[in-house]
Amino acid sequence: MPETVILGVIGSDAHVVGITILEQALSAAGFEVENLGVQSSQEEFVEAAKAEDAGAVLVSSLYGHARQDCEGFHERLDEAGLDVLTYVGGNLAVGQDDFESTRERFREMGFDRVFDAETDPEEAIASLQRDLQLTTTEPEAVRVDS
Amino acid sequence: MPETVILGVIGSDAHVVGITILEQALSAAGFEVENLGVQSSQEEFVEAAKAEDAGAVLVSSLYGHARQDCEGFHERLDEAGLDVLTYVGGNLAVGQDDFESTRERFREMGFDRVFDAETDPEEAIASLQRDLQLTTTEPEAVRVDS
Amino acid sequence: MLTDTRLASDELQRIANELRDNWRTGREVDFEEAIAFHESLPRSKEFATVLESADAPLLQPRAGVPCLEEQIELLRYLQDEGDADLLPTTIDSYTRDNEYEKAEEGLAASRNSPDNELNGFPAVNHGVEDCRRLVRALDAPIEVRHGTPDARLLAMVTLAGGFQSFEGGPISYNIPYTKEHSLAETIEHWQFVDRLCGAYTERGVTINREPFGPLTGTLVPPSIAITVMLIEGLLAATQGVRSLTLGYGQVGNLVQDVAALRALRSLGEDYLPEEVTVTTVFHEWMGGFPPDEARASGVIGLGGATAAVAKPDKVITKSPQEFQGVPTKEANASGLRTTRQLIDMMIEQDIDLGGIDDEQALIERTTHALMDAVFEAGDGDVVQGVINAFDSGELDVPFAPSDAAKGAVLPARDDDGRVRIFEFGDLALPDDIKQIHASRLGERARTEGREESFRMVADDVDAISDGKLIGRPTGDSDLAGGVGDAD
Amino acid sequence: MLTDTRLASDELQRIANELRDNWRTGREVDFEEAIAFHESLPRSKEFATVLESADAPLLQPRAGVPCLEEQIELLRYLQDEGDADLLPTTIDSYTRDNEYEKAEEGLAASRNSPDNELNGFPAVNHGVEDCRRLVRALDAPIEVRHGTPDARLLAMVTLAGGFQSFEGGPISYNIPYTKEHSLAETIEHWQFVDRLCGAYTERGVTINREPFGPLTGTLVPPSIAITVMLIEGLLAATQGVRSLTLGYGQVGNLVQDVAALRALRSLGEDYLPEEVTVTTVFHEWMGGFPPDEARASGVIGLGGATAAVAKPDKVITKSPQEFQGVPTKEANASGLRTTRQLIDMMIEQDIDLGGIDDEQALIERTTHALMDAVFEAGDGDVVQGVINAFDSGELDVPFAPSDAAKGAVLPARDDDGRVRIFEFGDLALPDDIKQIHASRLGERARTEGREESFRMVADDVDAISDGKLIGRPTGDSDLAGGVGDAD
Ligand code: B12
Ligand code: B12
């Protein structure tokens, strides 16, 4: 049975192109993807994760308000009794940040992995496969352009 | 009687465009210009200054070896018994220098004024007029594009 | 039923009165007193005057930080060190959502911290007087740039605050910017905004309006962008707007970009009523940028070169730091100066590009087809037409996050790098035009020895940030990528 | 009397033996062993192979620092972070003067100081083995770039050291680079250099030669530059050179630059013997740069765009720090990447510029006239022809510091920004061609309402660094300028 991952853009962010590409790549790699689209609330992420019994929640944020939008997200997941893998990625701070400190900040907020905007879908997929201990499918399936 | 200034590019530097522009501007401003051309030695500057009874010597250097090429220049002028105004200008150091320290260095070597490569001929002319206490000619004559 | 008719004066009044209570600063707005303030401004701060009388493309950056003093400092820097001709004030995302409470918190947090906690200037929270401080502090005219579906209160406050240009529109600030707003709702809200601009205009204070041409910024076919511009232009004109700047975002193909800008201007003049002064604005590449300032400067350079050939009235510049986040003021000014150097070096050159006329004719023919479909879908009424056409997919925008658009259209580049349509969905185009797109993309597929597919689209989306125009298959896996936690 | 004939083998040998004693490292040179070293190199380090088999313009920066380790580090950076396809080693000015003693001092001083006391890499002082260390340490082929009138010992050492490309020529490294060397003298010296390259070539180690096309870098009319390239090509071919890269420096007018590069290639193929493989190199703007990295990136961007249209075999890039001094490695790599981005975004676009053919025809006709004059002046012998033509001013280079040229020619831009000739001196051009130049410049003078004068030339010299292409009178006095001591 394929692993389900929840994908969406949080807050009032409307940058849709990144998750569109991610959705396509994740599906091609064999994941069941529930794409919440842009401007999704924390509740929507939590409910979808619960409803789909998801293995991972992938939060995207580009517009610079990720910190505010993700505040309390892991508490909410806890309350819902969900122990799910969480990734966050995109342009996570406003301005020309030093990514290391941004990563630190989001790690402290509870995210298992933090990705910058240079991340290729392949990297996210490789990490998911490792973290979810999936038997790596055929190498072709991992590649998006296969 | 117009004041004579000696102009030239020192050392083995061949950058001629700057002094060509300078010569034209100085002449237009009423100076008698003795242009030694590129690749002029310290001796040539000293001899010309002596022969022409010059009011000022303008040394140009673009290629980055100005410090080496100007070493001992003021001693030579002294030996020749010349107490002449000396300017140096162009790209005086190799690389992306801090101009303030370059200026300091050339001041210590004895130059009365030190100019960077952004210097317009008008600035050099205005300084000369001040330093040589020339009664400012008609403002039109000072401008090069008049 | 919402139609394309002018909002009655008492309606304008009534709505304004309601909005006034949405946030404290609404009550500061006084139309008569605002007119007086505008009249006190020198001609050099009159946006429409400056823009419409320019004889070369004017440059304008994007820029907005939360606090007033910093915004003044930022804009002054861009004016003095960047040589910007026109200034912007980019509004933060909470204000765009009408979440003035959250914006207030972000503003307070920003005041107490060296970091900016908002991605723009919360003009509603600042209020009329602070906007005027900003306008007074700068020499150039300033525009409100935002992305707000319901920008009514923002318009009330900022126009009273002395801004004379207002970006956006009911489609261009809906489809690319939101998920759940209906077009009927945003059109209604923008009728108010346009009517308000019209009211100022009738009192001699011309407010420039600028529909947002780039839409999703990502491989938008020119005809689609131009159709949206014409519709928003028509809607604005109905409400009394008389200064309209139609926009277009660079796709990166020189011929297609020049052709599109010419088509935009010419169709704008054809479709819009005579009493409207039409100008054009060219946005430097609005899609994903290279994560490298040197390469980004190359993208900006191509933007400048394109502008020098196409000669739009205005250019919105990008900064070499576009990829990473809101740029520093130095980088922002840098983008302005790189663009300026290219324009100034090229503008006097007689550059006559082959193939422009054909491409322009194709764009115009396609746009006419889409416009016809809109008029038909509304039985002659543009408002109903555009709502219905988006609903049916006869009009559509690629990568639209909004539920109001089908988002079925998929673009891809042809072998020359021009943006064509790969998946039409229900787009109202005649077969012969579809045929042209299909055959150009077929050529490319053959060149690359692969099928047309979403993969090709995805490759094109990444191409410019990867340093190319066309997303050709590379063969190598390129797992290098970014700094992540992929241990 | 010096003529265009091949240097006899024993002459080559005799001169080489003499030169060997000019500096200690000369004695390290062993031709046979050098051939063996070259043969040990992979094809990816064969300059001619890499250049001649490329299917898109290759990029090469300029770069040279005094010490070996730093030079390796610098080139590795440009290769890895700048994606340079071909690498350079720029030689310092003392070596260019054959002042190896002074270069030795500068090298020693540089080793003991964080600052570089030389403006390039003193390859003769480093000697054969250190050159090979450099060649071995990098992946891409490396060229010697210098400006040395008498480059004989430099060629002996660097070619034995594994370099496979050598810039310069008897005219292009005389006229713009020195004051007192006669052409007869530099031609004699370069016959040796070219013959040495020929000797390697005959042994299967093709040495690429690259006459320096930009000359004084300052508004050089294309026909003059091309004439010098053809003559140096002919002289080199006589000595057995079989891989020739003819150069041209950007003037900044897109049409003229593309036309000139096409003329260069086509005339190169016409004039040079069939056994020579002709390639072309385009130098990004070689005149004064803007004192601002952002604007400089714009100039570089226009260079990249021009290269994308003209498709030369190679592009020599500039850095955004060109104005101030030898660039940091980061800035140097930046110039490469900005150029690359523009080329890669534009190279697949079908850009068909109107007016190229006419301009190319004019350039070719003018070049033919100058070449005819040279052949005539030498009674068929190119060596005597070029000496006599420069002596009489029938051939001339603007802003030439050398006593060997009249330096009477003055260029200025026409209303379109193309470089025309304002003062012909004794340049051997027929009246109808002079007429074309005069009428184009007359147009400009009328546009500006001023006489053609040296002032116009001076304005054009400053224009690009002031942010424009054409030096129009501005009206304002602009005394702002630089950091000086003008208190
Ligand atoms: C296109 C674009 C837009 C379009 C968006 C259209 C749409 N609806 O999608 C428009 C023009 C509408 C727009 C609007 C705005 N934008 Co915008 N936009 C961009 C731009 C140029 C490209 C984004 C893009 O599509 N990239 C291509 C995709 C494929 O890449 P991606 O989004 O980065 O996603 C990839 C990776 O990041 C990663 N990834 C992303 N999320 C996640 C999550 C996980 C878990 C993982 C593993 C990986 C991952 O994988 C993705 C696929 O490879 C970027 C700058 C840039 N990157 O060049 C700015 C940018 C993101 N925008 C920015 C801003 C500020 C805004 C606005 C607030 C203001 C404005 N300028 O108008 C509004 C916000 C509107 C809103 N409510 O959200 C800023 C963000 C600033 C910051 N963080 O400091 C940026 C960086 C520009 C800048 N330098 O200022 N924008
Ligand atoms: C054109 C040029 C060349 C041409 C010169 C042709 C000629 N014979 O004139 C060529 C291609 C031959 C050349 C060769 C070299 N060049 Co060169 N060149 C330039 C360039 C691009 C423009 C210079 C120019 O003509 N400017 C226009 C004139 C009008 O301005 P100007 O010379 O700066 O002069 C004005 C002011 O500086 C001032 N001024 C100048 N002198 C003085 C003196 C006084 C007293 C005063 C008051 C004012 C003043 O007034 C002038 C008029 O406005 C500069 C970089 C730049 N500026 O963009 C590099 C540059 C000067 N060159 C440089 C170098 C290293 C060289 C070479 C050693 C190596 C090489 N790259 O091949 C050789 C040296 C050859 C030699 N023996 O001299 C470096 C110098 C580096 C440093 N200082 O750190 C520069 C800065 C390029 C760089 N960034 O690396 N060059």
Side-chain angles (χ1 to χ4, degrees), chain C residues 81-83 252-256 285 290 292-306 308-309 319-320 330-331 333-356 413-418 447 463-464 466-470 472, chain D residues 81-83 252-256 285 290 292-306 308-309 319-320 330-331 333-356 413-418 447 463-464 466-470 472:
Chain C
E81 302 302 319
D83 263 341
N253 176 286
L254 187 57
V255 169
Q256 193 174 31
W285 174 244
D292 164 12
E293 299 194 17
R295 288 188 185 269
S297 292
V299 177
I300 291 169
L302 181 52
T306 305
V309 180
S319 98
E330 291 81 8
S334 225
L336 281 161
R337 295 201 307 270
T338 298
T339 304
R340 175 85 66 188
Q341 182 78 22
L342 269 147
I343 293 182
D344 283 359
M345 283 180 70
M346 291 179 76
I347 193 109
E348 294 195 83
Q349 298 185 32
D350 176 19
I351 293 174
D352 166 27
L353 283 168
I356 301 239
R413 292 189 188 273
D414 69 16
D415 252 349
D416 194 50
R418 302 187 197 182
T447 304
I464 288 184
D466 290 348
K468 314 270 168 186
L469 184 66
I470 308 174
R472 307 281 193 199
Chain D
E81 303 300 320
D83 262 343
N253 175 286
L254 187 57
V255 169
Q256 192 173 34
W285 175 244
D292 164 12
E293 299 194 15
R295 287 188 185 267
S297 293
V299 177
I300 291 169
L302 181 53
T306 306
V309 180
S319 97
E330 291 81 8
S334 218
L336 281 160
R337 295 201 307 270
T338 298
T339 305
R340 176 84 67 190
Q341 181 78 22
L342 269 147
I343 293 183
D344 284 358
M345 283 181 69
M346 291 180 74
I347 193 109
E348 296 195 83
Q349 298 185 32
D350 176 18
I351 293 174
D352 167 27
L353 282 168
I356 301 239
R413 293 189 188 272
D414 69 16
D415 252 348
D416 193 50
R418 303 188 195 181
T447 304
I464 287 184
D466 290 348
K468 315 269 168 183
L469 183 67
I470 308 173
R472 307 278 191 202

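Proteins get letters first, then strands, A, B, ... in listed order; numbering begins at 1 in each. These values consider heavy atoms only, across backbone and side chains, with no hydrogens, waters or symmetry-generated copies.
Contact check for C/Thr338 versus D/Arg295: no side-chain heavy atoms found under the 4.5 Å cut-off. Two residues are said to be in side-chain contact when any heavy atoms from C-beta on lie closer than 4.5 Å; C/Glu348 and D/Asp416 fail this criterion.
For D/Gln349 (side chain) and C/Leu254 (main-chain N/O), a donor-acceptor pair under 3.5 Å exists by modelled atom type. In this structure a side-chain-to-backbone donor-acceptor pair under 3.5 Å is present from D/Gln341 to C/Ile464.
Neither the backbone nor the side chain of D/Arg413 has a heavy atom closer than 4.5 Å to any heavy atom of chain C. Only the side chain of D/Pro290 has a heavy atom closer than 4.5 Å to any heavy atom of chain C. When heavy atoms are compared at a cutoff of 4.5 Å, D/Leu336 does not approach chain C at all. With a 4.5 angstrom heavy-atom cutoff, C/Asp83 touches chain D only via side-chain atoms. For a residue to count as touching a neighbouring chain, one of its non-hydrogen atoms must lie under 4.5 Å from one of that chain's; by this rule D/Asp292 touches chain C with the side chain only.
Counting heavy-atom pairs closer than 4.5 Å to chain C, the top residue among D/Val299, D/Asp352, D/Val255 is D/Asp352. With respect to chain C, the highest number of heavy-atom pairs below 4.5 Å among D/Ile351, D/Ile300, D/Thr339, D/Asn253 belongs to D/Asn253. Of the listed residues C/Ala305, C/Ala308, C/Gly354, the one with more heavy-atom pairs under 4.5 angstrom with chain D than any other is C/Gly354. Highest contact tally toward chain C, considering only D/Ile470, D/Asp415, D/Ile356, D/Asp344, is held by D/Asp344 [criterion: heavy-atom pairs under 4.5 Å].
Summarising the geometry, atom CG belonging to D/Leu342 is positioned 11.0 Å from atom CG belonging to C/Leu469; distances are rounded to the nearest 0.5 Å. Note that CD of C/Glu293 is 10.5 Å distant from CD of D/Glu293, once rounded to the nearest 0.5 Å.
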